[in-house]
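Each remark here refers to the structure printed beneath this line.
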Amino acid sequence: MNSGSVKHLAGQPFDRRDFLKVLGWSGAAVALSGCGNGSVEDGRETVVSYVEATDYMIPSISVYFNSTCAQCDAGCNITGRIREGRVLKLEGNPDSAINRGKTCGLGQAGVQHHYNPDRVREPLLRSGNSGEAITWEKAYALIAEKLNGVKGEEIAFLSGGVSGHLKVLLGNYLDSIGSKNHFVYEAIAPAVVRAANKKSYGVEMPRFNINKAKVVLSFGADFLGAWVSPVHFSQQYAQFRKGVNGQRGVLIQVESKMTLTGANADRWLVVRPGTEGILALGIIHALGAAGLALSGDVAAAVKGYDKARVSADTGVSVEQIDKIAAILKARTPSLVLAGSAAEGYAHGSQNAAAINLLNQVLGNVGKTVEAAAVVPFPQMTPTTGNTAALKTMNNGLAAGKFKVLFSYATNPVFTAPGAMKFKDNMARAGFKVAFAHYLDETALQADLVLPLDSALEDWGTQVPEYMAEGAQINIQQPLMEKLHANTDGKGTRGMGDILLALIKQRRADDYRKYDDYYAYLRAAVLQNKGALGGGVADDETFWNETLSKGIIKLAGATHALSGKASVAGLSLPAPAAIDAQYPLQLIPSVNASLRDGRHTNQPWLQESPDPLTTIVWDSWVEIHPKKAAELGIVEGDIVEVSGKNGSIKAQAYLFPGIHPDAVSIPLGRGHEALGRYAQGYGVNPFQILDAVYDKETGELALHETRVKVSKIGKRVIVVKDEGFAGGKQMGKKIAVRVSSDKVKLSGEV
Amino acid sequence: MSKRHLLALFSNFDEAEAAVRELRGLSVKGFNADKDMIVKSPIEHPEVEEFLGDKPVYVQWFTLGGALAGGLLAFFLISGAQANFFSQIKGGKPVVPFPPNFVLTYEMFILGGVYITVLGFLICAGLPARRSPLYSAKVSEDQIGILVQADEAASSTLKAIFTKHQALEIQEEAGK
Amino acid sequence: MKDIREDIAWAKINTDVLRSLENPRKLYWVILLIAIAMIGVAVGCEIYQYNMGMGVSDKNNSHVWGLYIATFIFWIGMSHSGTLLSAILHLMHADWRKPIYRFAEAMTTFSLMTAGLFVAVHLGRVWQIYYALPYPNGRGVWPNFQSPLLWDAMAIFTYLSSSILFLYVGMIPDLAICRDNMNPGWRKKLYTALSLGWEGTDRQWRNFRVTYLTIACFLIPLAVSVHSIVASDFAMSQQPGWHITSFPPYFVAGALYSGCAAIITLFIILRYVFKFEEYMTLPILKKIVRLTFAIAMVWTYLNLIEYATVWYGHDQASKDVLIQKATGVYAPFWWTMNFCGSIVPLIMFFRRFQTNIPVLFAVSLLLNLGMWLERWMIVAPTFSHGYYPWTWDSDQWPSLIQWGIVFGSFGWFTLLFMVFCKVFPSVSMYEVKEMVYHRSLATKKLEATGKLAAAGKGAH
Amino acid sequence: MSVSNLLENWSDVRHTHPVDDVPHTPYKWAMSIDLDACSGCNACSVACYAENNLAVVGKEKYEHGHSMHWMRIERYWDEDGREFPDQGAQFLPMMCQQCEAAPCETVCPVGATNHTPDGINSQIYNRCIGSRYCEANCPYKVRYFNWYDYPTTDNVWPAEMNQQLNPDVTVRGKGVMEKCTFCIQRVTVAKNNAKNEGRLVHDGDVQTACQQACPTSAIHFGNLVDPESKVYKQWQAQQVELDKDEQTKDKGTEEGGVSPEGEGKLRGYRVFEELRPYPSVMYLERVRESDI
């Protein structure tokens, strides 16, 4: 590749506004001044772009390329180690503000996404129950044919969260086919919290400064595990624990089922499921009682939430509420987080609002809750997924509205609640195209499956949803040649290339200058060189530098927070009465490694024990020992968990960290497809979820399913790392704990 | 002058003893009781050694040598090996640790002792031996045999002695 | 009752014993085939294990040793009585040893040969077993002499080769008898070669006596060292339940115990099969039984001492292992072991059972069952209840592959022993003659004091 | 092998380590792990799989205890019978403690495991015959045996997956023992680089895979005899000494111990110190707030 395409461009007359739109910079109303780039391992000649890889292919010498982790949406910057043309290991990029050189287990397993033996290798066209390998040419022609004469509103595009130039291209493509039906769906996104934040703070995701807080009170936000940007939060958490001048941060976690974050809390409080908001208001009440000045409307709103009532509703003791209030009052600033456990109810928005109110009352807004930097290019900012989109789309499918359906980076057949009957509804679409890495459940329902390059083979730009510090655009670049290269017009292709090819079917003139997605990206980046910090560097230098850094740091603007404590519309229902038929609340838990199940086919993650139960390769039903004793259940009993919308059977695990009136089953397992490492292991709790929605946002309330649990009379050995001593140390000094008042932290290094 | 072998078989041990004593007392030309007489028995008779006179046994010297050589070899071989190849610490113990080496020295002491004792036995007892010219399977059953070699001239005297002591059978080497 | 009648004709001894070498009955071949089939099972299991890896034996990362090591110790222990008792009794001029020591020594040798196989079977990479041998090599690479396993190897090698020499040297006069009585054929050639030209000359006997005595002297400390070194495999480690000072004597006692029980078993079988009632007499059986009883009590004492020291000591980890043995998943085996090892032998205290062959046969088998369980109970519980609670694992149960190989080892032992019985005299003829002779001398002494009438004076 | 060598170097081969011995120079690799920072997220463990070619054994073999996680995260609960674990759980990353006086080393019949001059407990795969005595004698049970031949087992490293294998690390076949090596391949590279530049390895030149991944930076690895290294400073600050079986600070106050009533306790400790393996990994106790 050379800069020929840009030169070529320069000679063309073009409409600047359209051109900006094509390349994704529209909305950049002002000329952006460059900002300084941090040095990325300067002087290490091995950090270069793969474009010139051959020069650096020295046997037995490793080379390192920077790219972006695509295992989740956090957008961690990674450095791949490549030897003899093979990517071997992913490490964090130390210059990233998000992950600062660190990775999580999920990120480490990125190579197994790439090397997975069950990847789709050729475009597959449905013929009966099997797929027939076809060429890309034929696939594109087929799409063009199927779209021919179909109205825009009859086309639906379902995708996971998208950002960067892929979002630009996708948006432009949908525009070109006249469709406005872009459904962005993420099964376990914090959508309710986003909406609540928007109301409370004026932004969907402010910056949470855990490291600056002296107390963190988290209502079910598993920020060390799977919430928003766990690697970033983990680093902040480590600083928070070290504290300032030896004053160590205190973490209080409130939830009905212990998460990884809960397991690390100084105080883990189990609450009756759904009463998180009540507790938040109760704490405000207690703070007021302890002398914190409350504004009149807040005081009025929490008036009814005296300790006794709150204690009765939530199950948290009065003393504990007092203690929390006391420590929150004494140690400022603090930080209150609303997480997935609080939002998963029909009144989830209210819960989140109440929790955010606590933050405001404590005066944390502006201190530990700050405005996040924003990438100033709206076309590229991430479209975050949610479940309301799925609902809309499902209704459309059920009504037979869509003739052509595209699906990318999401697996609704697996993740949609059983009550939605998504699979049946999907069958009503006339022609279904899935862009897929693997034949997952959704791809299996498609008529045409288009195989994608892995994240380690593909080009791209990505804008993280959660900005750690300044704004940044992440560069994704291939870390090695394609494993399943394009032979005979088959083989895998990048999503950008596919979209480019598809959009050329409609707007050939706008895009004919770009042979491929790489050329498009390069042209795009160079076009806005000035704004991206390129200064006066020539194109080639700037491009190579950008690739070698893997991050474009921007002096992005910040949206101001509108932090006004408002209690308007805040009303929390009383705790739900016990349902005699379905006495237990089902909590589908999110495991840091498996998330919504798209990574279940990565064997390292399957074999990486769940941190709390240490179970591997299977699903389980967490049940409190007290409840288990009541029901006569012991570890390993196969139990049937049945709700209104079906039942699943899994092994029971007696787990003390759960409310006795709740059971929990982890999400992510129970695949019927997705390859050898995923298929047939465990059960899928999505299947039995009731379709209950948050009243305000219309988001699916994941925690609102009520179930009953019964033994079926079979028992298995639970496959886990923990031995038969369980979590006991048997009086040995193995993992030791010390109380904070007994320890000298100030002298530590 | 050619010597001939005679083998007399006795079933009665006391008679055999008497015969041997008489032969030892005999002074005939061409017959030396110490050299020319071999007593064969089916079992180990400690008495035989008494009436045959003091004949030394040297096996125990082999034993001593073997045991000492085995022990010393073991200790120095092992310690030497450790000091070279294993000049690395293991488990924080000295590179040449005494307790393990003593155990092995002890075993090799015994091994050397037993092996060389058996070697000594074979040498001292002259085994494997060529079979003697006169042999009767009765000797391995229940009879005492006295094998003598003597000049032709002396043989009749010997025969007489055997007969006198109720030899059951006297075998004579065929003349040459 | 006398150990042996003094009026057995020496020629009859020869014929009686040599008859046991004659063509076997049909039953012999049947048993032999069964033994070979058992070996076949073990070989099949081993081939499978070799191809698949040790995992098929169902051990795991915290429980790395299993039945192979337990059975290895069992066979080592079994080997103890033969040679050790033979040597001790020889030094003490106990004549009643003479009819029984030959098969007991053979038992020693074959148990050792069986035990040795378990070392190989146990290894993850048996094809590299020679790494454990101290062979000189250009790179100066040696095994680790600090490892008790290496002491084991050295001790077993010494013991096996010394036992074979002891057995062989003691058998030379009998081989000469065989040579003298066999019709020409492969047997004749074999015995001629092996008897080394033995003719029972005074020189041969003189050196023989010293040699035999010397080897016997060496074998006593050797045998003691062998099993105390096996005990060191455990006692020298740092694991709770293993790191016990009394282990070496405890192991030696256990070894003697199981060896004696095995002698009783084989005594009864040989006596019956070869009709050796004249030689393997009930008074001799009674002596062995009393000895076994005594050893059983020593073992019981040492066993209790082990429990007592663990119980009384401050090492909570060891105590936990003991409690787990008595109450955990291994409890049925542990209690059976204590029952078989300490309660069952009490039967031998009663005079009327001391010569009751069916009872003794059953008892001897139970004792060995107890002793086998003892070895397993030493090895396994420490693994499933060691220092590190996280890795405690009670679900470890040996797979059929392990059981198959253990099972086959009995076939291997039976095969070796049965072949031995048909090729070599299982009763020492010359020594039985000595015994009869000593007996008659004693009678003669009594006679000389005028109590008995004249009998065949000095007759053989 | 020569006896003269033995006699000449007699004193060198007769000293006991690490007590009263000369310390390792110029390197003694050691670790410290802050349990207050450790969140139990398992990133270290997965990173170890990626770096060290650990086999994924699958559900069935995992059930039989054949897992290969060199670094395992243990999760402990309070044992005082409370209904809910309201102080959270206790996580402990446990891997080979690289003992200075390792119980596994003495017992190996073939000398496949040794103490290296830079203080690592090495494992020589091609020497190992699989007697498993080392694991039997390991108090921490952190050695992992190749119960099967994983390179040829279905779905362990099928086509393409095998391209991820780290060429710097041996792929182990059946019948050999393996364990955490402190990422010896990385240490070796760092040492070679430093040697080429005529210097010693600086702190930070080498990170173990677990340390590099750890999102909370709970793991520190470095040269314990380098006063500039973080690990040295941490051990110093915690008053943990390598060659002690009981730290002075843990003794009674009259013997120089730290009074729990005074300015507070130090958090550093080593697991099973009292068994005298002299482990090279120091853990820092997890802290729990007393005011809540």
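A, B, ... follow the sequence lines: proteins, then strands. Residue 1 opens every chain.
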**Report entry** D/Glu197 atom CD, neighbour heavy-atom count above 12 within 6.0 Å
**Finding:** yes
Query raised in the report: Okay, side chain of D/Glu289, backbone of A/Asp266: is any donor-acceptor separation there less than 3.5 Å?
Result: no
Query raised in the report: Under the 3.5 angstrom rule, does the side chain of A/Tyr677 hit a backbone N or O of D/Gly58 as a donor-acceptor pair?
Result: no
Report task. Kindly give the heavy-atom pair with the smallest separation between D/Gly40 and A/Leu260, and that separation in Å. Result -> O-CD1, 3.8 Å
Report task. Check the pair A/Arg121 / D/Glu160 against salt bridge (Lys or Arg N to Asp or Glu O under 4.0 Å), numbers first and verdict last. Result -> CA-CA 12 Å; A/Arg121 296 153 197 232; D/Glu160 284 121 48; 2.5 Å; yes
Query raised in the report: Only one of D/Leu284, D/Leu266, D/Val287 clears side-chain contact (heavy atoms from CB on, under 4.5 Å) with A/Leu745; which?
Result: D/Val287
Query raised in the report: In terms of heavy-atom proximity below 4.5 Å to chain D, should A/Leu483 be classed as side chain, backbone, both, or neither?
Result: side chain
**Report entry** Between D/Gln234, D/His64, D/Arg82, D/Met161, the one whose heavy-atom pairs under 4.5 Å with chain A are most numerous
**Finding:** D/Met161
Report task. Give, as side chain, backbone, both or neither, the part of A/Leu106 having an atom under 4.5 angstrom from any heavy atom of chain D. Result -> neither
Query - Nearest-0.5 Å distance that lies between atom NZ in A/Lys744 and atom NZ in D/Lys265 - result: 13.5 Å
**Report entry** Student check: side-chain heavy atoms of A/Pro660 and D/Phe84 closer than 4.5 Å
**Finding:** yes
Query raised in the report: Is any side-chain N of the basic residue among D/Asp154 and A/Arg676 closer than 4.0 Å to the acidic one's carboxylate O?
Result: no
Query raised in the report: Do D/Arg286 and A/Asn264 have a side chain donor and acceptor closer than 3.5 Å?
Result: yes
Query raised in the report: Do you know which two heavy atoms are closest between D/Arg75 and A/Glu722, and how far apart they sit?
Result: NH2-OE2, 2.8 Å
Report task. Of all the heavy-atom pairs spanning D/Val56 and A/Glu607, show the shortest one and how long it is. Result -> CG1-OE1, 3.1 Å
**Report entry** Heavy-atom proximity to chain A below 4.5 Å, by part of D/Ser45
**Finding:** neither
Query raised in the report: Counting heavy atoms not belonging to D/Lys230, are there more than 12 under 6.0 Å from its NZ?
Result: yes
Report task. Under 4.5 Å heavy-atom distance to chain A, tell me which part of D/Val57 shows up: side chain, backbone, both or neither. Result -> both
Query raised in the report: Quick one: do the A/Asp721 and D/Tyr62 side chains pair a donor with an acceptor below 3.5 Å?
Result: yes
Query raised in the report: Less than 4.5 Å apart, any side-chain heavy atom of A/Trp617 and any of D/Glu60?
Result: no
Query raised in the report: With only heavy atoms counted, which part of A/Val738 is less than 4.5 Å from chain D, the side chain, the backbone, both or neither?
Result: both
**Report entry** A/Arg267 side chain vs D/Gly88 backbone, donor-acceptor pair below 3.5 Å
**Finding:** no
Query raised in the report: Between atom CG of D/Asp36 and atom OH of A/Tyr237, what is the distance when rounded to the nearest 0.5 Å?
Result: 6.0 Å
Query - Presence of salt bridge, A/Glu91 and D/Arg186, under 4.0 angstrom - result: yes
Query raised in the report: With chain A, which of D/Cys41, D/Cys214, D/Ser32, D/Ser67 has the greatest number of heavy-atom pairs at distances under 4.5 Å?
Result: D/Cys214
Report task. Could you tell me whether D/Asp168 and A/Arg81 have a side-chain N and a carboxylate O separated by less than 4.0 Å? Result -> yes
Query raised in the report: Under the 3.5 angstrom rule, does the side chain of D/Tyr76 hit a backbone N or O of A/Ala735 as a donor-acceptor pair?
Result: no
**Report entry** For D/Ala47 against A/Lys89, the heavy-atom pair lying closest together
**Finding:** O-CE, 3.4 Å
Requested in this report: Answer with side chain, backbone, both or neither: which region of A/Phe233 has an atom nearer than 4.5 Å to a non-hydrogen atom of chain D?
Outcome: neither
Query raised in the report: Are the side chains of A/Lys733 and D/Glu274 in touch, meaning some heavy atoms are under 4.5 Å apart?
Result: no
Query raised in the report: Are the side chain of A/His624 and the backbone N or O of D/Glu83 linked by a donor-acceptor pair below 3.5 Å?
Result: yes
Query raised in the report: Is the backbone of D/Ala37 close enough, under 3.5 Å, to the side chain of A/Arg241 for a donor and an acceptor to pair up by distance?
Result: no
**Report entry** Polar side-chain atom of D/Glu79 near backbone of A/Gln729 as donor-acceptor pair, under 3.5 Å
**Finding:** yes
Query - Engaged part of D/Ala159 at the chain A interface, taking heavy atoms whose separation is under 4.5 Å - result: backbone
Query - Validation row: A/Gln320, D/Asp86 side chains within 4.5 angstrom (heavy atoms) - result: no
Query raised in the report: Taking all non-hydrogen atoms of both residues, which atom of A/Pro609 and which atom of D/Asn42 are closest, and how far apart?
Result: O-ND2, 2.6 Å
Requested in this report: Mind ranking D/Gln236, D/Gln238, D/Glu74 by heavy-atom pairs under 4.5 Å with chain A and telling me who comes out on top?
Outcome: D/Gln238
**Report entry** salt bridge (Lys or Arg N to Asp or Glu O under 4.0 Å) between D/Arg267 and A/Glu748, worked out
**Finding:** CA-CA 9 Å; D/Arg267 296 195 289 144; A/Glu748 291 190 355; 2.7 Å; yes
**Report entry** Proximity breakdown for A/Leu90 and chain D, heavy-atom pairs closer than 4.5 Å
**Finding:** neither
